[in-house]
Amino acid sequence: MTEKKFKTLDDFLGTHFIYTYDNGWEYEWYAKNDHTVDYRIHGGMVAGRWVKDQEANIVMLTEGIYKVAWTEPTGTDVALDFVPNEKKLNGTIFFPAWVKQHPEITVTFQNEHIDRMHEAREKYDTYPKLVVPEFAHITYIGNAGQNNEDVIAEAPYDGITDDIRAGRYFDENYHRIQK
Ligand SMILES: C=Cc1ccc(O)cc1
């Protein structure tokens with residue numbers, strides 16, 4: 001894992017993280033550029049879900065501390081505060097009621113099923129929302145560079161985060177080593 005020190009917004013953009021929330025949910029998230037994020041979910045209520053090119057608001061609050069927020073086609077809202085120099089973040093996820101009732105609908109490569117998400121958010125309940133506020137500890141930081149399509153490029157599989165942490169997943173140019 002890189003030991004880089006985060007100071008500027010540019011230090012954050014292009015960075016790839018893996019982290020585990022205190023409730024046990026493991027997530028992988030990539031600051032693709034100053035308005036776009038990709039992610040994969042490895043543990044928790046919607047493990048198996050993965051998303052590319054989600055538009056997000058990304059700012060630096062003060063040196064080395066970053067806030068990211070977005071709203072999804074599912075109606076789920078997310079706010080993340082990264083303190084990468086301390087290997088931690090705080091995330092709050094606001095799930096519409098239907099995602100808790102039918103998580104399996106969202107567990108897919110969302111980009112190929114946007115219509116299905118829009119349909120479900122109209123058809124099923126929004127309220128009461130499920131709010132999940134949690135700290136997480138960062139277990140991996142990688143310098144992927146911005147707009148790297150290899151970072152989040154396939155469905156999550158058992159052991160993928162171990163492969164990434166062990167250095168078996170990306171080559172020296174942060175391209176995926178295909179098995
Ligand atoms: C629902 C998406 C989501 C992505 C990353 C994260 O840390 C929390 C939620």
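Order of appearance sets the numbers: ligands from 1, and atoms from 1 within every ligand.
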A quick test of your reading: do over 12 heavy atoms of other residues, nucleotides or ligands sit less than 6.0 Å from NZ of Lys52? yes
Quiz item: With a 4.0 Å cut-off on heavy atoms, does Glu72 reach ligand 1?
Solution: yes
Please report whether ligand 1 has a polar contact with Tyr27, defined as an N or O pair separated by less than 3.5 Å (distance criterion only).
no
* **No-hydrogen, no-angle side-chain donor-acceptor test under 3.5 Å, Asn147 and Asn33** => yes
Note: Val51, heavy atoms under 4.0 Å from ligand 1, region reported as neither
Test ring pair (Phe, Tyr, Trp, His ring centres under 6.0 Å) applied to Phe170 and His175, step by step:
CA-CA 5 Å; Phe170 296 106; His175 289 125; 9.1 Å; no
Only residue of Gln54, Arg49, Lys32 satisfying side-chain hydrogen bond (donor to acceptor under 3.5 Å, both in side chains) with Tyr39 is Arg49
Lys67 NZ: over 12 foreign heavy atoms closer than 6.0 Å:
yes
Going by the 4.0 angstrom heavy-atom rule, the piece of Trp25 near ligand 1 is neither
Here the atoms of ligand 1 under 4.0 Å from any heavy atom belonging to Tyr19 are 5 (C), 6 (C), 7 (O)
Ligand 1 atoms nearer than 4.0 angstrom to some heavy atom of Tyr21 are 6 (C), 7 (O), 8 (C)
Near Ile93 (heavy-atom distance under 4.0 Å), the atoms of ligand 1 are 8 (C), 9 (C)
>> Using a strict threshold of under 4.0 Å (side-chain N to carboxylate O), is an ion pair present between Glu26 and Arg165?
In response: yes
